Amino acid sequence: MLDHLGDLKRTHNCGELRPDDAGKEVLLMGWVHRRRDQGYLIFIDVRDRWGMTQVVFNPDVNEQAHAKAKSLRTEFVVAVSGTVHNRHEKTINEKHATGAIEVHVNQLHILNQANTPPFVIEDRVEGVGEELRLKYRYLDLRRPVLQRNFILRHKIAMKVREILDQNHFLELETPILTKSTPEGARDYLVPSRVHKGKFYALPQSPQIFKQLFMVSGLERYYQITRCFRDEDLRADRQPEFTQIDMEMSFVQMEDVFEVVEHMMAEVMTLIDVDATRPFPRIAYTEAMDRYGSDKPDRRFGLELQDFSTLVASCDFKVFADCITNNGRVKGICVPGGSDLSRKDIDQLESWLKKDYGIKGLAWMKWTDEGVAGGISKFLGDLGPDLFRAANGSQGDLLFFVADSREKANQALGALRLQVGKNRNLIDESRFEFLWVIDFPLLEFDHEQGRYIALHHPFTSPLDEDLPKLSTDPGQVNAKAYDLVLNGFEVGGGSIRIHRRDVQDAMFKALGIGDEEANLKFGFLLDALSFGAPPHGGIALGLDRLVMIMAGEKSLRDVIAFPKTTSATCLMTDSPSEVSVNQHVELGIHVMRGAKSD
RNA sequence: GGGGGCGUAGUUGAGUUGGUUACAAUGCCGGCCUGUCACGCCGGAGGUCGCGGGUUCAAGUCCCGUCGCUCCCGCCA
């Protein structure tokens with residue numbers, strides 16, 4: 001029989017009672033975490049968001065409550081009132097903050113029953129399958145580890161708002177139902193009932209709207225807002241995610257860096273990390289050359305080495321020919337890597353060949369008997385020279401990739417990360433911020449036969465590169481920047497184009513004609529012609545930031561109701577089919593089994 | 001779109017070369033227990049081996065297909 005809540009009121013939460021509270025009459029509410037029925041004594045751990053408190057049912061204290069407690073099961077919702085007692089020395093539980101006290105219950109209210117949960121509500125349930133956890137997400141979210149993540153997420157959002165408010169930013173909202181734009185990620189579309197055959201798009205980011213706020217003279221904007229991108233998922237990519245979106249007027253890159261670094265440093269104090277400022281900066285090309293990545297993880301070394309000059313005229317044809325064909329011979333030196341087995345190396349090689357299209361992964365070891373194995377026999381005296389060039393020492397292993405600069409960088413960048421993980425070279429206690437700057441404005445898309453914006457089409461070119469926009473677009477650098485933390489891109493932004501003539505030139509370079517530009521972005525172009533101030537900003541990925549700060553490996557652990565890798569929700573079973581009536585109302589005809597190219 | 005891993009009691013896993021009634025832990029149910037805290041002890045229930053097809057005298061095990069979860073490549077201005 002269930003009890004009503006009535007006018008019962010909590011006096012304390014389950015995490016706060018201490019020996020000082022001994023003697024107090026208290027009332028706790030929460031879930032039955034665990035039941036230990038000793039026959040005479042019944043111990044129950046009552047759990048709420050704040051912690052866990054042991055309550056004791058003793059027939060000598062209250063026989064009725066003791067009898068009622070017999071029926072309690074895991075996850076029942078209870079209210080217990082009783083007296084706080086210090087535990088005997090021998091029975092103190094050091095594992096819990098409340099472990100020195102217990103509540104002797106004289107009244108038990110069972111507020112709700114519970115089915116046996118499909119998995120134990122415990123932190124150490126690493127084994128529970130993702131599928132179950134997602135289906136019963138509300139139970140998964142009862143686990144203290146996940147609750148900690150969301151408490152941290154809340155604190156981060158609060159801190160962000162606090163700092164931005166201090167810096168005179170206004171929190172402003174932008175539409176969720178908006179206009180589909182070309183360029184960029186695939187849009188999620190929403191059909192219009194009123195205008196059949198027409199669609200809204202969910203925002204990939206509020207990019208254009210925040211620029212319009214600047215035109216409006218609101219000067220400083222921010223928003224913690226949802227963004228949507230219909231692309232395939234990864235551990236660090238969900239179809240809907242949250243950005244800390246910011247924009248400021250009358251600023252240069254340095255002003256944006258200043259605000260963001262200040263904000264991030266404050267945010268990091270929430271996990272007792274002291275972020276050293278200013279954050280280091282690295283040019284995009286240097287990042288690619290040294291780390292093989294535009295988001296380098298600087299918590300460990302293993303930097304890429306360029307051996308091209310050394311091997312240019314060597315006898316090993318693979319290397320020499322590669323250099324002759326304008327390629328690069330690069331590599332990484334793995335400290336102590338001579339213990340890698342042939343099998344380990346073969347696995348790495350076949351992975352890199354498949355995923356990064358390189359022709360092969362060469363290697364050699366510096367063993368007790370000198371440089372040996374792999375390609376060392378083709379290199380002769382050059383072997384030791386290469387180890388020296390890479391600052392290697394005995395016991396190390398050198399990996400080589402001979403390919404185009406881009407492919408070599410990309411493959412070695414992936415290898416560097418893999419080796420760093422496999423050999424535990426990454427110090428998880430470190431938090432390394434990094435600005436990546438000097439991005440190219442455009443990159444040539446061979447499939448489309450035109451330039452596309454590397455960042456987005458509203459990114460300002462460097463002032464000095466402006467003339468090259470019409471003559472040599474590929475050589476123009478952008479006023480764009482990414483914020484990288486521990487190998488994740490946690491933010492990206494730019495100084496925007498605020499002049500109509502420059503925006504026109506940009507669209508021209510992108511091969512977007514006047515007509516198309518007007519159709520897609522006419523309102524922005526108009527706005528730029530009414531006195532738009534110089535402005536710029538950034539968008540920070542809140543989910544990724546929380547994930548990294550919480551020490552989690554997946555975005556799913558910091559998003560309350562995340563999607564699976566196939567973009568479904570196992571709890572609500574969305575997406576789902578809708579009635580034909582709804583199709584008709586929206587003017588939609590569904591083509592089953594239709595395939596796009 | 002492509003590649004890898006996983007799928008067996010409620011849950012997490014084991015299951016040999018294809019061979020009798022599919023195993024363990026935990027959870028669940030019942031009983032016992034006055035200091036437990038991942039309580040303990042005794043007993044019990046619990047299975048469409050993801051799904052479909054094939055090979056075979058015989059399939060959890062081999063083959064083909066398919067679905068789901070997951071990691072990666074492509075994609076993600």
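Small disclaimer: the values here were computed from a predicted structure and weren't measured. We use all heavy atoms of the structure for the numbers below, so side chains are in, but hydrogens, waters and symmetry mates are not.
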- [ ] Can you tell me, in whole Å, how much space there is between the C1' of rG60(B) and that of rG47(B)?
- [x] 11 Å
Between CG of Asp232(A) and C1' of rC71(B) the distance, given in whole Å, is 13 Å
Pairing partner of rC49(B), by Watson-Crick or G-U wobble and under 3.5 Å for both distances, is none
Test salt bridge (Lys or Arg N to Asp or Glu O under 4.0 Å), reference Asp45(A), set Arg36(A), Arg35(A), Lys95(A), output is Arg36(A)
Could you tell me whether Ile452(A) contacts a base, only the sugar-phosphate backbone, or nothing, with contacts defined as non-hydrogen atoms closer than 4.0 Å?
-> nothing
ask   = With a non-hydrogen cut-off below 4.0 angstrom, is Asp230(A) in contact with a base, only sugar-phosphate, or nothing?
value = nothing
*Scan Leu233(A) against the nucleic acid and name what it touches under 4.0 Å (heavy atoms): base, sugar-phosphate only, or nothing.*
nothing
Paired to rA22(B) by Watson-Crick or G-U wobble criteria (both distances under 3.5 Å) is none
Would you indicate what Leu132(A) reaches in the nucleic acid, counting non-hydrogen atoms under 4.0 angstrom: base, sugar-phosphate, or nothing?
sugar-phosphate
| task | Would you indicate, yes or no, if rU36(B) has its OP1 or OP2 atom less than 4.0 angstrom from a side-chain nitrogen or oxygen of Arg87(A)? | result | no
Between rC57(B) and rG15(B), how far apart are the two P atoms, rounded to whole Å? 28 Å
- request: Could you work out the separation of rU17(B) and rC75(B) based on their P atoms and round it to a whole Å?
  value: 43 Å
Whole-Å distance, His104(A) NE2 to rG35(B) P, equals 13 Å
- Message: It should be established whether Ser566(A) places a side-chain nitrogen or oxygen under 4.0 Å from OP1 or OP2 of nucleotide rC69(B).
- Response: yes
Of Leu139(A), Leu141(A), Leu146(A), the one forming a side-chain contact (heavy atoms from CB on, under 4.5 Å) with Arg133(A) is Leu146(A)
OP1, OP2 of rA38(B) versus side-chain N and O of Arg35(A): anything below 4.0 Å? no
**Request:** Would you indicate, yes or no, if rC28(B) has its OP1 or OP2 atom less than 4.0 angstrom from a side-chain nitrogen or oxygen of Thr116(A)?
**Result:** no
Correct closest heavy-atom pair for Ala22(A) and Asn86(A) would be CB-ND2, 3.5 Å
Winner on side-chain proximity to Thr565(A), out of rU70(B), rG74(B), rU36(B), is rU70(B)
Next item on the list: Look at atom CG of Asn518(A) and say whether more than 12 heavy atoms of other residues, nucleotides or ligands are closer to it than 6.0 Å.
Entry: yes
Per atom distances to the Glu102(A) side chain, the nearest of rG35(B), rC76(B), rC33(B) is rG35(B)
Rounded distance in Å between the P positions of rG50(B) and rU8(B): 6 Å
Atom CD of Gln238(A) and atom P of rC71(B) are separated, to the nearest Å, by 10 Å
In Watson-Crick or G-U wobble terms, with both distances under 3.5 Å, the base opposite rU17(B) is none
Review point. Is Arg34(A) near enough to rC39(B) that one of its side-chain N or O atoms lies under 4.0 angstrom from OP1 or OP2?
Key: yes
- Task: Cation-pi check, Arg34(A) to Phe43(A): give yes when NZ or CZ is under 6.0 Å from the six-membered ring centre and within 45° of the ring axis, no otherwise.
- Result: no
- Report which part of the nucleic acid Gln54(A) touches: base, sugar-phosphate, or nothing (heavy-atom distance under 4.0 Å, all strands). base
Between CZ of Phe119(A) and P of rU11(B) the distance, given in whole Å, is 11 Å
Checking N1-N3 plus N6-O4 or O6-N4 for Watson-Crick, or N1-O2 and O6-N3 for wobble, each under 3.5 Å, the partner of rC69(B) is rG5(B)
Taking a pair to mean Watson-Crick or G-U wobble geometry with both distances below 3.5 Å, rU61(B) pairs with none
Does Thr564(A) reach a base, just sugar-phosphate, or nothing at all? Heavy atoms under 4.0 Å.
sugar-phosphate
Practice task
Considering only atom C1', compute the distance from rA24(B) to rC49(B) and round it to an integer number of Å.
Solution key: 16 Å
Exercise for review: Would you please confirm or rule out a distance under 4.0 Å between OP1 or OP2 of rC28(B) and any side-chain N or O of Thr74(A)?
Suggested key: yes
Taking for Pro118(A) and for Asn58(A) the nucleotide of RNA chain B with the nearest heavy atom, the one nearer the 5' end belongs to Pro118(A)
(message) So, OP1 or OP2 of rA38(B): does either fall under 4.0 Å of a side-chain N or O from Lys95(A)?
(response) yes
Discussion item. Under 4.0 Å from OP1 or OP2 of rU36(B): is there any side-chain N or O of Arg36(A) that close?
Written reply: no
Would you find a donor on one side and an acceptor on the other, under 3.5 Å apart, between the side chain of Arg226(A) and the backbone of Glu240(A)?
no
- Message: At 4.0 Å (heavy atoms only), tell me whether Gln410(A) reaches a base, stays on the sugar-phosphate, or touches nothing.
- Response: sugar-phosphate
Please give the distance between the C1' atoms of rC63(B) and rC76(B) as a whole number of Å.
38 Å
Checklist entry - Under the 3.5 Å rule, do the base of rG74(B) and the side chain of Asp355(A) count as making a donor-acceptor pair? => result no
Base of rC76(B), side chain of Arg237(A) - is there a donor-acceptor contact under 3.5 Å?
yes
Original post:
Below 3.5 Å, does any donor atom in the side chain of Glu131(A) face an acceptor in the base of rG50(B), or the other way round?
Top reply: no
message = Any side-chain N or O of Tyr356(A) below 4.0 angstrom from OP1/OP2 of rC73(B)?
response = yes
I'd like the C1' distance from rA59(B) over to rG52(B), given in whole Å.
15 Å
Note to self: Can you tell whether the side chains of Asp21(A) and Arg18(A) come within less than 4.0 Å, N to carboxylate O?
What the structure shows: no
Closest of rC76(B), rC71(B), rA38(B) to the Arg229(A) side chain is rC76(B)
(Q) Any carboxylate oxygen within less than 4.0 angstrom of a Lys/Arg side-chain nitrogen, looking at Lys508(A) and Asp504(A)? (A) no
Query raised in the report: Can a salt bridge be assigned to the pair Asp123(A) and Arg148(A) using a cut-off of 4.0 Å between side-chain N and carboxylate O?
Result: yes
Per nearest nucleotide of RNA chain B, the residue lying toward the 5' end, Lys563(A) or Gly39(A), is Gly39(A)
Whole-Å distance, Glu89(A) CD to rG35(B) C1', equals 15 Å
From CG of Leu415(A) across to P of rC73(B) the rounded distance in Å is 14 Å
Requested in this report: Determine the contact category for Arg73(A): base if any of its heavy atoms lies under 4.0 Å from a base atom, sugar-phosphate if only primed atoms, P, OP1 or OP2 are that close, otherwise nothing.
Outcome: sugar-phosphate
*Please confirm whether the backbone N or O of Lys295(A) pairs with a side-chain atom of Ser293(A), one donor and one acceptor, at under 3.5 Å?*
yes
When we call it a touch if two heavy atoms are under 4.0 Å apart, what does Thr568(A) touch: a base, just sugar-phosphate, or nothing? sugar-phosphate
note: Gln38(A), atom CD; rC37(B), atom P; distance rounded to Å ~ 8 Å
*For rC69(B), take OP1 and OP2 only and decide whether either is under 4.0 Å from a side-chain N or O of Arg133(A).*
no
Separation of rC72(B) atom P from Leu348(A) atom CG, nearest Å, is 16 Å
Among the nucleotides rG68(B), rG74(B), rC39(B), whichever has the atom closest to the side chain of Leu570(A) is rG68(B)
